[in-house]
Structures are given as C-alpha cells and as structure tokens.
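This report concerns only the one structure given below.
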Amino acid sequence: MSGRQSNWSPPPCYYAPRWSASEFKEWWDTYAKDQAYKTDPDNASAIVDSHDETYGEDSQYEDHNIGREDEGAWWTVHSNPNHPDGSTVSCESQIFWVDHDDTPPPHPNSPTPEMLAELAYAEVEIPDVRAELSPAADAQKVNLATWVWMDASDLAPVSVTASISGYSQLSATVTATPSRVELDPGTGDATVHDGCAVGADGGVGRPYTAADAGTAPVCGVTYHRATHDRGPYPFSATVVWEVSWEGSDGSGATLPDGAFGTTQDVTVQEIQTIVR
C-alpha cells in the first residue's frame, strides 16, 4: 500500500530494546571497551571511566543490571529500514534501562503508540485485487457500458500490530478498510460511472445480468472510441483504503488513506449492431 500524502513517512529512527543485562555487559567487556582504545586513544580512559560510573559495578545499575536479567532490557537507538533516509542522525544516542512492566522514558524518539502505528502503517500488505469486467477486457464495445465489480472476499480489512517484545503494554494496531474504487479508463474518450463505493456486503459494483439490459452500471465505464488504430487502453481500478490505528493506551486516530491499484489492457471494438 502507498500513502496518498507524499509528505508523510515513518520516523527515521527510534528507541527500542537492544540487549539483555548480560548481553550489554558482554558487548562492553568484549568489544566496546577495546574499540574505545583503538579508535579514540586520547579519550579512551575518560570514556571507560564514564561508562563504569554510569553502568559499572559501583553504579546505580550494579554491573549492567546483571542481577535483574529477567526484569527488563537495555534500550538504544535503531534506524528504520523503511525510511528513505534510514539513518540515526536525528536521534540522540543514549542507552537506558526499561523494566518490562514500565514504559520508556519520554526521550525524543522514544516509542509511543502513535509512533508504533506509523511504523505498522509501512508494513500493511494489501491483497492484489483485480477488477472484473463485463464485457471482458478483450471484448469491449463502443458505447456499450462495461460493468465493473470486485468481490467482498477480496476486500476484507487488513490489520498490522506493532509491539515491542517483552513490553506488552505498549503496542498499536493499524487497520486498513477499503472504502471505494477509483476507475481510470485509460483514455479521455470514455464516460466513468463512478459509484464505486464499497457496499454493505463489502463488495464494489456487481456483474451484468440480462435484467440490466439498457441500463447504466453504478460502477463501470463506457468507451466511446475503438482501439483498433491505437492499441489497447490501460484501464485501472485503484482501491482506496481508509486507515486508522488504536493504541494499547486507548489512544487512536486516522492515518493517511492508502491506495493500491492494478492495470489491465482493454480492447474496444466498434460494431453497428450489439446483441448481448
């Protein structure tokens, strides 16, 4: 699904759990401390002293919170691979402990239900829905209305929940619900019958029946010019999805509408007499 507001995107970076207590201690003892001396020898001693003062045996965390291994996790900044930038430049790099039954402190870029909703939005997968046509796409007729429909089974709402492992009290669920279909006949020589809202049954439009002879479809298109001298028209049907989110704390709102469309070639024939 693509957002219909081009100025919207998920955050480029955010805070999330990275290490257990023992993993944080191992990372420091076996990697980070040595790297400090290799990459910044002039300041390495100060870096090590600062770390020990904040996280070491005599700090408030009593050696990286080893004694509280199962009670929480160490959080730090993560980059968002779905963001065009994909870097952590806009996030201040900090390392802090969060108990599993707590929420993260209000640092800039600490996750909130709203931020999780924005991240979940980027993961919503919309089914590949193809519009049905009557007459068929390769047998359109000039000035004969084409009936367009999509079955309810193809237009069910879809949801994605974003949560943080070990922190069940912090999550957000994004739900995309189809609202309408927008038709583009692929040419200006056509009339669009644009009553293509999702109906009470969950579908859009309906197939042509013999009882519909001489009537115009609610959802469809009528071509006024044949394609024999210009090639097929690229007919497209784009499903517009209304998107909302609900957070674990009871918060919620709407997100930008999403859109997902498919295109198919239609061939329009010109005949003098039409019999359905």
In one Ile/Leu/Val/Met/Phe/Trp/Tyr side-chain cluster, 4.5 Å: [X], [Y]:
X: Trp19; Y: Ile164; result: no
X: Met115; Y: Phe96; result: yes
X: Phe235; Y: Trp149; result: no
X: Val239; Y: Val218; result: no
X: Leu133; Y: Val142; result: yes

Please output the side-chain donor-acceptor pairs of residues 187-207 that fall under 3.5 Å, not counting sequence neighbours, one pair per line with the distance.
{"unit_1": "Thr187", "atom_1": "OG1", "unit_2": "Asp189", "atom_2": "N", "d": "3.1"}
{"unit_1": "Thr191", "atom_1": "OG1", "unit_2": "His224", "atom_2": "NE2", "d": "2.7"}
{"unit_1": "His193", "atom_1": "NE2", "unit_2": "Thr222", "atom_2": "OG1", "d": "2.9"}
{"unit_1": "Asp201", "atom_1": "OD1", "unit_2": "Gly203", "atom_2": "N", "d": "2.9"}
{"unit_1": "Arg206", "atom_1": "NH1", "unit_2": "Asp212", "atom_2": "OD1", "d": "3.4"}
{"unit_1": "Arg206", "atom_1": "NH1", "unit_2": "Asp212", "atom_2": "OD2", "d": "2.7"}
{"unit_1": "Arg206", "atom_1": "NH2", "unit_2": "Asp212", "atom_2": "OD1", "d": "2.8"}

Quick check: closest heavy atoms across [X] and [Y], and the distance to 0.1 Å?
X: His100; Y: Gln169; result: O-OE1, 3.3 Å
X: Ala117; Y: Ala172; result: N-CB, 3.7 Å
X: Leu170; Y: Pro111; result: CD2-O, 3.9 Å
X: Val129; Y: Asp154; result: CG2-O, 3.2 Å
X: Thr30; Y: Asp34; result: O-OD2, 4.1 Å
X: Tyr37; Y: Ala44; result: CD2-CB, 3.3 Å

Does [X] reach the main-chain N or O of [Y] with its side chain, forming a donor-acceptor pair under 3.5 Å?
X: Tyr14; Y: Leu116; answer: no
X: Thr238; Y: Gly261; answer: no
X: Ser110; Y: Pro105; answer: yes
X: Glu114; Y: Ala253; answer: no
X: His78; Y: Pro17; answer: yes

Under 3.5 Å, is there a donor on one side chain and an acceptor on the other for [X] and [Y]?
X: Thr175; Y: Ser244; value: no
X: Thr173; Y: Thr161; value: yes
X: Asp151; Y: Ser153; value: no

Supply the atom-to-atom distance [X] [atom1] to [Y] [atom2], rounded to the nearest 0.5 angstrom.
X: Glu53; Y: Asp58; atom1: CD; atom2: CG; answer: 10.5 Å
X: Asp101; Y: Glu71; atom1: CG; atom2: CD; answer: 8.5 Å
X: Glu270; Y: Lys141; atom1: CD; atom2: NZ; answer: 12.0 Å
X: Leu183; Y: Thr146; atom1: CG; atom2: OG1; answer: 10.5 Å
X: Ser179; Y: Leu155; atom1: OG; atom2: CG; answer: 10.0 Å
X: Gln269; Y: Thr227; atom1: CD; atom2: OG1; answer: 8.0 Å

Report, as yes or no, whether the 6.0 Å neighbourhood of atom [atom1] on [X] holds more than 12 heavy atoms from other residues, nucleotides or ligands.
X: Gln35; atom1: CD; value: yes
X: Gln94; atom1: CD; value: yes
X: Glu69; atom1: CD; value: yes
X: Glu246; atom1: CD; value: no

For the pair Phe24 and His51, name the ring-plane relationship: parallel under 30°, tilted 30 to 60°, perpendicular over 60°.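 Perpendicular, since the angle between the ring planes exceeds 60°.
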Ring-plane angle category for Trp97 and Trp74, please: parallel below 30°, perpendicular beyond 60°, tilted otherwise. perpendicular
Side chains of [X] and [Y]: does their closest heavy-atom pair fall under 4.5 Å?
X: Pro185; Y: Tyr233; answer: no
X: Ser22; Y: Ile66; answer: yes
X: Val148; Y: Pro217; answer: no
X: Asp52; Y: Ser59; answer: no
X: Arg68; Y: Asp99; answer: yes
X: Glu182; Y: Val240; answer: yes
X: Ser251; Y: Trp245; answer: yes

Using the test side-chain hydrogen bond (donor to acceptor under 3.5 Å, both in side chains), find all partners of Trp75 that sit at least two apart in sequence or belong to another chain. Tyr167
Please determine if Asp29 and Lys25 form a salt bridge, counting it only when a charged side-chain N lies under 4.0 Å from a carboxylate O.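 So Asp29 pairs with Lys25 through a salt bridge.
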Where do Trp241 and Val124 land on the side chain to side chain contact (heavy atoms under 4.5 Å, CB included) test, with the steps shown first? CA-CA 11 Å; Trp241 299 74; Val124 174; over 6 Å; no
